[in-house]
Amino acid sequence: MAQYNASEVEKKWQEKWEESGIYKVNLKDKKKKKFYNLVMFPYPSGDKLHVGHWYNYGPADSYGRYMRMNGYNIFEPMGFDSFGLPAENYAIKTGTHPSKSIATNVEHMIKQLKRIGTMYDWDKTVITSTPEYYKWTQWIFLKLYEAGLAYKKEAPVNWCPSCRTVLANEQTQDGTCERCGSEITKKSMNQWFFKTRDYAEKLLDYKGLDWPDKTIAMQKNWIGKSMGIDISYEVLGLKDKITVYTTRPDTNFGATFIVVAPESEFVARNFEKFKDKEAVELYVEEAKRKTDIERIAEGRKKTGVFTGLQALNQLTGRKMPIFVSDFVLAHVGTGCVVGVPGHDLRDFEFAQEKGLEVIRVVVGPDGDNSPIVKAEQVQEEAGTMVNSGFLDGMEIMKAKDAIMDYIEEKGYGKRVTNYKLRDWLVSRQRYWGAPIPIVYCEKCGEVPVKEKDLPVELPDNKDFKPSDDGKSPLSKIDSFVKCKCPGCGGDAEREVDTMDTFVCSSWYYLRYPCTDVKNKAFDSERVNEWLPVDMYIGGPEHACMHLIYARFINMALRDLGFVGFKEPFKRLVHQGMITKDGAKMSKSKGNVVSPDEFIEKYGSDVFRMYLMFMGPFTDGGDWNDTGITGVARFVDRLWKLMNFEGEVKDVDGLKRALHKLIKKVSEDVEKFHFNTALAGMMEFVNLAGKIGIDKESKLIVASLIAPMAPHLAEECFEVLGGKGSIFDAAWPKFDKKLVVDDMVRIGVQVNGKVRGDIEVAPDMGKDEALKMAREQENVAKYLADGKVVKEIYVPGKIIGFVVK
RNA sequence: GCCCGGAUGGUGGAAUUGGUAGACACGCAGGACUUAAAAUCCUGUUCCAGCAAUGGAGUGCGGGUUCGAUUCCCGCUCCGGGCACCA
């Protein structure tokens, strides 16, 4: 028997697969059920594939292979998210134009990806930075624009001074740039947005989705729905009313002041009426200048200035002074809040700072109603109303309804729903992205490019670095900027901003099955057949970005009649992160582990299996290579087993073990528990190594390992005389009768402590089982200590005695 | 601060409608083979006591429910993730 030579075998099968085209999917095949097995596509950096890529793609492919063997027509494409900052920054660093570096990097990455031994159908790949792709990204922009879902407005936006571009809310982290970590400043700019807020309610509906609870919770939290009421108060001496948003109108009898955001419209509109204009102006200016970091650094300390104006609380007749303070955010609700210091921590802190009166209108369940409030007492959720007129004695939830009805009746306000979700800022002042297909005409104003004129090609500019003035580099290229108006044909200028790369990645799953479609973004009939994606695998870091954007785009396309389904991804699984010495792998930290040396030494199958064996797929873990020898040994033992010839010592035992294994591996792979599937395989191989194995069982073992070690399995299949590919063979079925043991070993407990065990049939009667248990010498010893007051028998599980 | 996870041998991890904790693997120790080493194979391996049989302790900490708790409940500690002055 020859030693198993991984590198030779793997090379051989990769070549065979390529030659035979076994993984080329026939999208029109209707004999088999379709299965769209998708993994989030990478951005092509110049670096090698690292352990994290393998950790992600290996198991994802194993799942696809498992489904293939279960009779599905598998569509498993792979592509490249090649627009955006990573690619552009790489190009800047190396001094090569991104279109060039992308081409080489993609080619390089495909080569590396092929070494994993996946089933990707490379005929169906997408590269988002190619005109044939971004043409359709622009088309989607136009469709949203036509539908009124894309708009431009002047707004304070997140500006990263280092990347010299604006960022979507989702791309900032604690006031820093998600990419480069620089401090973000606020800048008022004219920017393009998609109306994600219009879809907030639809995005909150997860019906029919098999997604991790955690991801859904994160999205819900991000969308942040709250139901409350807008209340308008008369401002003394002004015609203008002030409208506040609150989710706690039940506490309105305790309202003693009003606070407005520095950037709020109320401030702009009534500035002239303020008593100390200078002080307000100074405060507003200061607030605008502050970065998020500075605001975070200040913590909860409240500042603010009095406007000199007062509003009238209709419920109490109380005059409420109006302040300006930066703890109120302009974009939340109406940008104005009513201060109820007795029942809101922030209001309480502000009241303390300004010496304002605190009134308590809710008594907690413990009856506490002290006028001096401690921070911990402010936010009770349950309680009864006091000092609140007609609300007195009501539970807060009831009072909330009652007061809202009252306010609406009286015309003081109106119920509203609010969302934390902001509209998606999609324009970027960077070169490497899809140009936004809009032109500005002196006569016609903002005009969309005609569909037939797409793509608006990204010029092959030599100077693609972001410019110091913060304008898109495209603004410097006259040949790009100067154009004719699609409306009147007169002189016009192009939009010079490019699209956020998340726009590209929010629809690529629709393009994969339609890469041959030339005259449209995708063929509706085909996507309706092949989508939604049945299994989507990728990192949890995309929970509130890509996964919200893609759902939004898909829903919008559905509402516009282009696709027939609401949700793009039916089942979602997140892989865990692989760290090195507890830290995220990154080039700058110099802790990136390359798979290459392990592939060289052990082969791709062993490496893939080791990553799977480390622990549950969704957990990730810290990289450590010490255990890989265990998997390598397993492969050697399995290979030896395949070459075993001789008598099987325990035919029945082998059969039972094998059928249990089929059950276990099937269930485990289904749940992405590859670690325990492999443990089961190891156990069986160890057993069969002792008692021998027959040819039929060998074939089953080869099938079971096939999803996880595709090259090894093919080789085994061939050695065993199989024709063609093992991936065209059916997944083994287990015999139900063979997976139940006819004898099991169960424990015998006395007062909860294990004192022995007996071997019984799982369905043995209680009396007989108890009799056997009593006969155990050690058990008898403990039973003799007293009187048996209780006997417990759980068939197949446990026998227990309680002795007193 | 709020929400969501997690904590099990020297290490990665297994086991939960409550039923013999530690599967599988690494490492370690001993043995076989070898002139020797590597590789391979066999045996042992939660801790404490004991030659052993066996007994005691044991799943982050403190309580509780139960014949029986890694699993359920209450109160903490630590670690990870998300959100964060959202009114």
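Side chains included, hydrogens not; waters and symmetry mates left out as well; all remaining heavy atoms used. Labels below follow one simple rule: chain letters A, B, ... track the order of the sequence lines, proteins then strands, and each chain is numbered from 1.
As rounded to whole Å, 21 Å separates atom P of B:G19 from atom CD of A:Glu791. A:Ile322 has its CD1 atom 21 Å from the P atom of B:A87, to the nearest Å. Rounding to whole angstrom units, CZ of residue A:Arg248 and C1' of B:C86 are separated by 15 Å. Atom OH in A:Tyr602 sits about 14 Å away from atom C1' in B:A25, given to the nearest Å. For A:Phe613 and B:C24, the CZ to P distance is 10 Å, given to the nearest whole Å.
Base pairing of B:U20: no nucleotide in any strand meets the Watson-Crick or G-U wobble criterion (both distances under 3.5 Å). Nucleotide B:C85 has no partner under the Watson-Crick or G-U criteria, as no pair reaches both atom distances under 3.5 Å. Pairing for B:G5 is with B:C79, a Watson-Crick or G-U wobble pair whose two hydrogen-bonding atom distances lie under 3.5 Å. Applying the Watson-Crick and G-U wobble criteria (two distances, each under 3.5 Å), B:C41 pairs with B:G31. With a cut-off of 3.5 Å on both pairing distances, the Watson-Crick or G-U wobble partner of B:A57 is B:U46. In a base pair of the Watson-Crick type (N1 to N3 plus N6-O4 or O6-N4) or a G-U wobble (N1-O2 and O6-N3), with each distance short of 3.5 Å, B:A25 is matched with B:U11.
The gap from the C1' atom of B:C79 to that of B:G31 amounts to 42 Å, rounded to the nearest Å. Comparing B:C26 with B:G44, their P atoms are spaced 15 Å from each other, to the whole Å. Nucleotides B:G63 and B:A57 have their P atoms positioned 15 Å apart, rounded to a whole Å. The separation of B:A69 from B:A21, taken at their P atoms, amounts to 10 Å, rounded to a whole angstrom. Only the C1' atoms considered, B:G13 is 35 Å distant from B:A84, to the nearest whole Å. Taking the C1' atom of each, B:A25 and B:G9 are spaced 14 Å apart, rounded to whole Å. Comparing the P positions of B:A87 and B:A7 gives an interatomic distance of 33 Å, to the nearest angstrom. Remark: the separation of the C1' atoms in B:C86 and B:U77 is 31 Å, to the nearest Å.
Contact annotation: A:Ser226 reaches the phosphate of B:A87 (side-chain N/O to OP1 or OP2, under 4.0 Å). For the OP1/OP2 pair of B:C4 and a distance below 4.0 Å, the side-chain nitrogens and oxygens of A:Asn221 include no atom meeting the criterion. Remark: A:Arg755 is in phosphate contact with B:G56, judged by side-chain N or O atoms under 4.0 Å from OP1 or OP2. Residue A:Asn686 has a polar side-chain atom (N or O) positioned under 4.0 Å from OP1 or OP2 of B:A25. Side-chain N/O atoms of A:Lys640 include none lying less than 4.0 angstrom from OP1 or OP2 on B:A39. Between A:Arg633 and the phosphate of B:C41, there is no side-chain N or O to OP1/OP2 separation shorter than 4.0 Å.
Side-chain proximity of A:Lys214 to B:A15, B:G80, B:A84: nearest is B:G80. Counting only heavy atoms from C-beta on, A:Trp222 has its side chain closest to B:A84 among B:A84, B:U54, B:A57. Checking B:A87, B:U20, B:C24 against the side-chain heavy atoms of A:Val754 singles out B:U20 as nearest. Distance from the side chain of A:Lys797 is smallest for B:G19 among the nucleotides B:G19, B:C24, B:U54. Nearest to the side chain of A:Arg637, among B:G55, B:A25, B:A87, sits B:A25. Picking from B:A25, B:G13, B:C86 the nucleotide with the shortest atom distance to the side chain of A:Asn675 gives B:G13.
Two rings, from A:Phe348 and A:Phe350, have their centers 6.0 Å or more apart. Aromatic pair A:Phe598/A:Trp623: centroids less than 6.0 angstrom apart. Taking the ring centroids of A:Phe634 and A:Phe613, they lie at or beyond the 6.0 Å cut-off. A:Tyr782 has its ring centre no less than 6.0 Å from the ring centre of A:Phe801.
Among the protein residues, A:Thr629 comes within range of the sugar-phosphate backbone only, with heavy atoms under 4.0 Å from sugar or phosphate atoms but none that close to a base. At the heavy-atom level, A:Pro540 lies nowhere under 4.0 Å from the strands shown. Residue contacts for A:Tyr782: at a heavy-atom cut-off of 4.0 Å it reaches the sugar-phosphate backbone alone, with no base atom in range. Nucleic acid contact for A:Gly752: sugar-phosphate only, since backbone atoms but no base atoms lie under 4.0 Å from a heavy atom of the residue. Counting non-hydrogen atoms under 4.0 angstrom, A:Val328 reaches a base of the nucleic acid. A:Asn624 comes within 4.0 angstrom of nothing in the nucleic acid, heavy atoms only. Here A:Asp757 lies in heavy-atom contact (under 4.0 Å) with a base. Heavy atoms of A:Gln749 sit under 4.0 angstrom from at least one base atom. Contact annotation for A:Lys753: backbone-only contact, meaning every heavy-atom pair under 4.0 Å involves sugar-phosphate atoms and none involves a base. Nucleic acid contact class of A:Ile746 (heavy atoms, under 4.0 Å, all strands): base.
Remark: A:Leu638 CG to A:Met642 CE distance equals 4.5 Å, nearest 0.5 Å. Distance check, rounded to the nearest 0.5 Å: OG1 of A:Thr618 to CD1 of A:Ile537 gives 11.5 Å. To the nearest 0.5 Å, atom CG of residue A:Leu421 and atom CD of residue A:Glu201 are 11.5 Å apart.
Within 90° of 0 lies the glycosidic angle of B:G9, which makes this nucleotide syn.
Taking the ring axis of A:Phe327 as reference, the NZ or CZ atom of A:Lys302 stays within 45° of it and closer than 6.0 Å to the ring centre.
One cannot find a donor-acceptor pair under 3.5 Å joining the base of B:C83 and the side-chain atoms of A:Lys420.
Judged as a salt bridge (charged side-chain N to carboxylate O under 4.0 Å, His left out), the pairs with a partner in residues 664-681 of chain A (not counting sequence neighbours) are, in order, A:Arg571-A:Glu670, A:Lys663-A:Glu667, A:Lys664-A:Asp668.
Sequence order on RNA chain B of the closest nucleotides to A:Lys790 and A:Val337 puts A:Lys790 first from the 5' end. Across the interface with RNA chain B, nearest-nucleotide mapping of A:Thr626 and A:Asp326 shows A:Thr626 to be the residue nearer the 5′ end.
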